[in-house]
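These notes are about the structure you will find just below.
The figures here come from the full heavy-atom set of this structure, side chains too, leaving out hydrogens, waters and symmetry mates. The sequence lines fix the lettering, A, B, ..., with proteins before strands; numbering per chain opens at 1.
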Amino acid sequence: MTPLFAFDAVQEAFRAECRRFLQARALPHIEGWEREGRIPFRELLKEMAAEGLLGMRFSGACGGQGKDIAWHAVLAEELGRIPCGGLGMGITIHHDMVAPLLESCGPGSVGRQALARALRGECLLAHAVSEAGAGSDLGAIRTRLDASAPGFRLTGRKAFVSMGVQADWYCVLAQGPGAGRFPLNMTLALVPRGAPGVRLHPRLATLGHRSMDVCDVEFEGVEIPEGHILGAQGMGYLVQAKQFIEERIISAFRSTATAFYLCEASWAHASRRTAFGKPLAEHQALYFRLAELRARCLLSREANLDALGALLAGVNVETRSAACKYLSCKLVREAADEAVQIFAAAAYVEGHEIERLYRDVRLLSLSTGSEEIMLHTLSALEGMA
Amino acid sequence: MTSFNSLAAFENAWRAFTEDFLAPRQDAWESSGRYPLEDIYREMGGQGLLRATLPVAHGGDGRPAAWDFRGLEILASSGCGAIGMSVATHQQITVPLMLRFGRAAVIGGWMRSAGEGGAIFGLALSEAQAGSDLAAMQTAYRRDGDGFLIDGAKRYVTNGGSAHALCVLARDAGHTGSAVPRATLFLVPMDSPGLTRTPLATMGNRGITAEVALEGVRVPASHALGGEGQGYFIQLSQFPRERLVISVRAAAISRRQLRLALDHCRSRTAFGTPLASNQALRFRYAALSAELGSLECLNRRCEGMLLDQANFTELAAAAKWRGGRLVRETSDFLLQVSGGRGYLEGHDADRAYRDGRAISIAGGTDEMMLEMIARMNGT
């Protein structure tokens, strides 16, 4: 039996760097970001790059550090411990969803140039996949990419684009060119925000992630040069699906870390706060629930580490990825609910950290594959179909 | 004597034992309510399954504990909960305890015999009025010349009916006044005068449990494991390993329930389609499978820490808690998809449902696991 993956001492030292940076540069600003509805991602990413906290998994030729994805998992855990879902989500989109898609582009290509700049924090990458009528069901995407010599033309409307207002590039999944059969009928294109025909709809007010600038982005016959196609024409869905598998593991690390954070915060509060003559933490019904939560955090983290270890070993991780994403996002929303119960009315007041997390973490069960899609994938992979 | 050159060969021998020896006889034993443990252990011993991990000094091959964990998993996959529980108690919980705390002169003969399947052991802790709360136990010992006399009664003793020796926890009769009694763990040969055993009929894991009464049972001083007064310390020190053993079994049992459920859902048709095409069943299956995957990971982590002699007290409690819950959930799922047939006595689902229920109780209840986790985290 091979030992389960564990981070090594160098990676743990890197964790301390991430924590120090985020506590100094993110923690004090969360309330302001939430009020303004915007996180200054480019500025933050520039500082992270300067401190060596970006691009760990990317090769030197791409402007990265030539390490591996385990380092991103460490960063994801530390982002998960910052009580601001928007921050972690934004950096994951930029660094773990779109950037890996750019890495597959050829040397000297537009994608590679964008990647090198993105890893220096000079440009911000957003992902435009969902549509009003196509969420989990990507085959229902209606945004079209059509041949229009010498390149292509993009038409359609993408919904709920995180960082949609401030991003420099949108990575767009569209149908076409041509009329192939799903899943070989989709293409990923890189579209600059300033291109003629790109129109931003008004910012959306959302349940959580209020520090995130979310909007619909419309593409009105935007001209797309051939060099802006990611991967091959018609392969967009498959490239995207493969990237989701890795990104879900990173998101699982972030979710589980937030669950640990909520569990620890709840326990700390329960130890301080007294009711009926003793601390809440000594009321059995409460501490049993917290103990169950803690046990589930421990289980979830081992599932994440196992998926990461398998990914690094080059094993097919489809099952592990779906399982750890499912477990972690379900866990974190239950952890948030438990935290609200322990903190009680205080956590019901807007602006309280637990109130914010309660709203923020709910997105994790919806985005990049809903809980239902994870269960669907798992049962199909195991032959229960 | 049978030796195995590789873990793979050892695992194959376990598979052969479960398929060729256990499987054809299991139903008859189950309905008779009694497993002939002596014959079964002789068979396992003869096939070399019981000596691989014993130290060389005790006639074994000194293989790593991981070998026995894999054996336990194979045994659990066979669906014979009674034998799984019996072997786990003997091989994985009691033998390691005897090896660690017993004097060579006392345990030497027992160990050699155990390797051949000629000696069966068990651990006698619980009493009618003392389960999780061991401090409430009434079984007591007093000095008697160069030995001790033990009086009391132990309940729910796995292997109690067939064991050749039991490790019996008793309190010092002369030590009163403190909340926690002074306790000693004695190695008690079952042919000692004054000792009687009565089989207990149980809901599941039938035919391996007994009640043991001790009336003035005399043991020499050398039989006090780890020395007199060390009983609680020994118990505490072996908890993480015991819980891991149970959790490893729980995961393997759950794996089996899900496999049987999956096979049934694919082959059984209702309303014109296989059961497996029902989304509600698929999602329930997938959720259980994901939970089980995480338990298997946590068990692997604990096993690695056991090997490295690291402290995994909290992780073991979490694993044991999850294992107990998960066996109940997967057994319930298996019963549900099996429908009316699964409710018939003797059906896999019926037995699994009854056998699996013990996991949340034995070796520390779910509630004790949560108490333990809570105390390690600020309660």
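Interface check for chain B: of the options A:T319, A:L298, A:L299, A:L378, the most heavy-atom pairs under 4.5 Å are formed by A:L299. Note: A:E372 leads A:E372, A:E264, A:E282 in heavy-atom pairs under 4.5 Å with chain B. Between chain A and the residues B:P274, B:A317, B:A287, B:A318, the most heavy-atom pairs under 4.5 angstrom are made by B:A287. The residue among B:S294, B:G293, B:A66 with the most heavy atom pairs within less than 4.5 Å of chain A is B:S294. Listed options A:L327, A:L280, A:L286 were ranked by heavy-atom pairs under 4.5 angstrom with chain B; first place goes to A:L327. No other option in B:R284, B:E314, B:E296, B:Q279 has as many heavy-atom pairs under 4.5 Å with chain A as B:E314.
The environment of CD in A:E12 is crowded: more than 12 heavy-atom neighbours from other residues, nucleotides or ligands sit within 6.0 Å. Annotation for B:H264: atom NE2 counts as buried by contact number, over 12 foreign heavy atoms lying within 6.0 Å. When the shell of 6.0 Å around OH of A:Y358 is examined, it contains 12 or fewer heavy atoms from other residues, nucleotides or ligands. More than 12 heavy-atom neighbours from other residues, nucleotides or ligands sit within 6.0 angstrom of CZ on A:F260.
Residues A:L293 and A:L331 are in side-chain contact: their nearest non-hydrogen atoms beyond the backbone lie under 4.5 Å apart. Two residues are said to be in side-chain contact when any heavy atoms from C-beta on lie closer than 4.5 Å; B:R70 and B:L7 meet this criterion. The side-chain heavy atoms of A:R248 and A:C324, taken from C-beta on, include no pair separated by under 4.5 Å. Here the side chains of B:R322 and B:L298 are not in contact, with every heavy-atom distance at 4.5 Å or above. Side-chain contact check for B:R300 versus A:P3: every heavy-atom pair is 4.5 Å or farther apart. By the 4.5 Å heavy-atom criterion applied to side chains, A:S136 and A:S370 are counted as neighbours.
For chain A, the nearby parts of B:E371 are the backbone and the side chain; heavy atoms of each come within less than 4.5 Å. Within the 4.5 angstrom heavy-atom criterion, atoms from both the backbone and the side chain of B:E367 approach chain A. Both the backbone and the side chain of B:R301 come within contact range of chain A, each with at least one heavy atom under 4.5 Å from a heavy atom of that chain. Heavy-atom distances place no part of A:A268 under 4.5 Å from chain B, backbone and side chain included. Proximity to chain B (any heavy atom under 4.5 Å) is shown, for A:H283, by neither the backbone nor the side chain. The contact between A:Y326 and chain B is made entirely by side chain atoms (from C-beta outward), counting heavy-atom distances below 4.5 Å. B:R325 touches chain A through its side chain: at least one heavy atom from C-beta onward sits under 4.5 Å away, while N, CA, C and O do not.
Using cut-offs of 30° and 60° for the angle between ring planes, the A:F253 and A:F7 rings count as tilted.
Taking CG from B:D68 and CG from B:L50, the interatomic distance works out to 8.0 Å, rounded to the nearest 0.5 Å.
Taking non-hydrogen atoms and a 4.5 Å limit, the residue list of residues 240-262 of chain B in contact with chain A, ordered by number, reads B:L262. For residues 372-379 of chain B, the interface with chain A (any heavy-atom pair closer than 4.5 Å) comprises B:I373, B:A374, B:N377, B:G378, B:T379, sorted by residue number.
A cation-pi arrangement, defined by a distance under 6.0 Å to the six-membered ring centre and an angle within 45 degrees of its axis, is absent between B:R282 and B:Y285.
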Side chain to side chain donor-acceptor pair (under 3.5 Å) evaluation trace for B:T18 with B:S78: CA-CA 6 Å; B:T18 60; B:S78 77; 5.3 Å; no

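Across A:P83 and A:L27, no two heavy atoms sit closer than the pair CD-CD1, 3.6 Å. A pairwise comparison of heavy atoms in A:A339 and A:L262 identifies CB-CD2, 4.0 Å as the closest pair.
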